[in-house]
There are 2 protein chains.
Amino acid sequence: MVSAGYDALVETRELRYFVAVAEELHFGRAAQRLAMAQPPLSRAIQQLERRLGVVLLHRTARAVALTEAGSVLLREARTALDAVEAAERRTRRAADDQPGVVLAAKAGASRELLSKLLDAYAAEPGAVAVEVMLCGPGEPESLLRTGRADVALLHRPYDTTAGFDTEDLHTEQQVVVLPKGHPLADRAHLSLVEVNAQTDLPLPRWPGRDGGHPDGPGPQVRDHTQLLQLIALGLACAVVPESLRDQLRDDHAIVPVPDAPAVTTVIAWPPHSRSKAVADLVRTATRL
Amino acid sequence: MVSAGYDALVETRELRYFVAVAEELHFGRAAQRLAMAQPPLSRAIQQLERRLGVVLLHRTARAVALTEAGSVLLREARTALDAVEAAERRTRRAADDQPGVVLAAKAGASRELLSKLLDAYAAEPGAVAVEVMLCGPGEPESLLRTGRADVALLHRPYDTTAGFDTEDLHTEQQVVVLPKGHPLADRAHLSLVEVNAQTDLPLPRWPGRDGGHPDGPGPQVRDHTQLLQLIALGLACAVVPESLRDQLRDDHAIVPVPDAPAVTTVIAWPPHSRSKAVADLVRTATRL
DNA sequence: ACGACCAATACCCGTGCGGTATCGCCGCTC
DNA sequence: GAGCGGCGATACCGCACGGGTATTGGTCGT
């Protein structure tokens, strides 16, 4: 007998179905999202439960809820589906061998570092085209995991780098951005508790990985431009890495927050990446 | 639109088929391994290629070979299948809630550290049963990736820790183990080149992840017991972490190899693990 | 008590996966 | 160079299973 021997695994179709139901907690809506009818979906989930020998969902006629095992599967199924998607994408990418690297980074973050990196890499011998995907917070991680991007700039501890190879590039302190003239704006420094304690300027709410915003006070925000504008309008404040200073307008004020966790910009790539371009990019980045 | 939306992904069945063919490089044997006939397998691979729009295999009537894209898919498909398998196993584990943790470690490695860890953890409040899987080199990594184990002791740089969360536990130098009375045995230290240069004692060959041994000189070896016995018989030598010293018999001699890479024992666990037991084990380990 | 809502069941149909038989191609052998 | 053997592809068939429609059953609101 040779090698692992994956026998009789769950099919990706079943995992997709389960994720849809687990996210919607409603068979009808999930079926709609999957572009199919509700009964076959119900059956598919039952069959999945029978195969696993595990109850994944508690159904009362009025509501559907995840069991303990169900929420484990939701998490695991997402990463498995991401891996399958990545396999597909990376294979396709490897085939049409017009080389070219996709780099993902949060719009507005590490702007200077990014431009220096691109310049330095372009000067390397054997450099290929770099397509830069600027995206919202949390997204680069997912792009990397699904193979939509080859390499990404992430920010610990905001992004989780679990599952990737990484190199640290730069560490910086955080500051709070306030509207100019705010009572706290001329303090030499602030603590996190002070920032959280003041109630006139709420912290904004960023979208979660499901695209929805968490509940709570504070304005919904999708990118740094929106954020800075809201702050300038006196509707919010935010704790951000100090390098964002370059993008502030003169109606902003910043105050260091020494006890906020330091933010480390890292360059991350999928393990086992064999791409020369990614390796060159990483090497260039570490030398900056 | 909510969330990711994985539409029309490749099925795990197709990935399993492809991995089998890619590993065997022979449709007949692959079909046999998959317990199916050869024609449907051929068709399935063709269909996969059509779906991806990518040629994965070069077939001449005499031989099958992987294309560039094919070898990318082989690698990616393995990790994707591992993720699916892990999803399945972890879900099952979460269901039958007799708690208990599976810890994987290479047989014979870090023996003292392992027993101290088990003792210390057992003394923790809320400790659950720990099932220890002792296995061959390279295996713990795969056990962890497929969800067969919850936590593992790995050894950098031999094991790759990519994709796991880890904590370093212990770093040690390596030594070469020789049969007692060997001409080099009374040297104060040796360099790697000297070890490789001497030809009377070959280095053993460990099995790869496919279960087969690489070609070359030197005896095939599956665990440390075999290895030590071969060395005592004067048929091999080996460079190993110095903590293996405890397990040597008096017909062995050891000589430090200062320029061999230091070996770090790490405790590793899958990212997103929510298990209290794993967290406790890790915390206990780092405090040793 | 009735209606709305929602998951489950019953039943049917078509696709697609797997099996057997066979072909076509290439390389080795004598 | 004719024949044979090995191997992947093709042809064709049957059935199991995935998906659709219609309906039921149970549980909340009002």
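To find a chain, count down the sequence lines: A is the first, B the second, and so on, and within it residues start at 1.
- Using a 4.0 Å heavy-atom cutoff across all strands shown, B/Q38 reaches at least one base atom of the nucleic acid.
- Between B/S42 and D/dG8 there is no side-chain N or O to OP1 or OP2 distance below 4.0 Å.
- Using a cut-off of 4.0 Å between Lys/Arg side-chain N and Asp/Glu carboxylate O, A/D150 and A/R93 are scored as salt-bridged.
- Across all strands, A/R43 comes closer than 4.0 Å to base atoms (heavy-atom distances).
- B/R59 has its CZ atom 17 Å from the P atom of C/dG27, to the nearest Å.
- The listed nucleotides are C/dA8, D/dG8, C/dG18; the one nearest the side chain of B/Y17 is C/dG18.
- One atom, CZ of B/R51, and another, P of C/dC17, lie 7 Å apart when rounded to the nearest Å.
- The interatomic distance linking B/R50 (CZ) with D/dA9 (C1') rounds to 12 Å, in whole Å.
- Taking the nucleotide of DNA chain C with the nearest heavy atom to each of B/L41 and A/P39, the more 5' of the two is matched to A/P39.
- Atom pair B/Q46:CD and C/dC17:P shows a separation of 13 Å (rounding to whole Å applied).
- Atom pair A/M36:CE and D/dC17:P shows a separation of 16 Å (rounding to whole Å applied).
- Listed for the B/T67 side chain is a donor-acceptor partner under 3.5 Å among the backbone atoms of B/G70.
- Atom CD of B/Q220 is separated from atom CG of B/L230 by 11.0 Å, given to the nearest 0.5 angstrom.
- Of the candidates C/dA8, D/dG19, D/dA9, the closest approach to any side-chain atom of A/P40 belongs to D/dG19.
- Residue contacts for B/Q47: at a heavy-atom cut-off of 4.0 Å it reaches the sugar-phosphate backbone alone, with no base atom in range.
- The existence of a salt bridge linking B/R33 and B/E24 is confirmed by a sub-4.0 Å separation between a basic side-chain nitrogen and an acidic carboxylate oxygen.
- The CZ-P distance, from B/R13 to D/dA16, rounds to 17 Å in whole Å.
- A donor-acceptor contact shorter than 3.5 Å links the side chain of A/R16 to the backbone of B/Y6.
- As rounded to whole Å, 14 Å separates atom C1' of D/dG18 from atom CD1 of A/I45.
- Atom CD of A/E14 and atom C1' of D/dC17 are 12 Å apart (whole Å).
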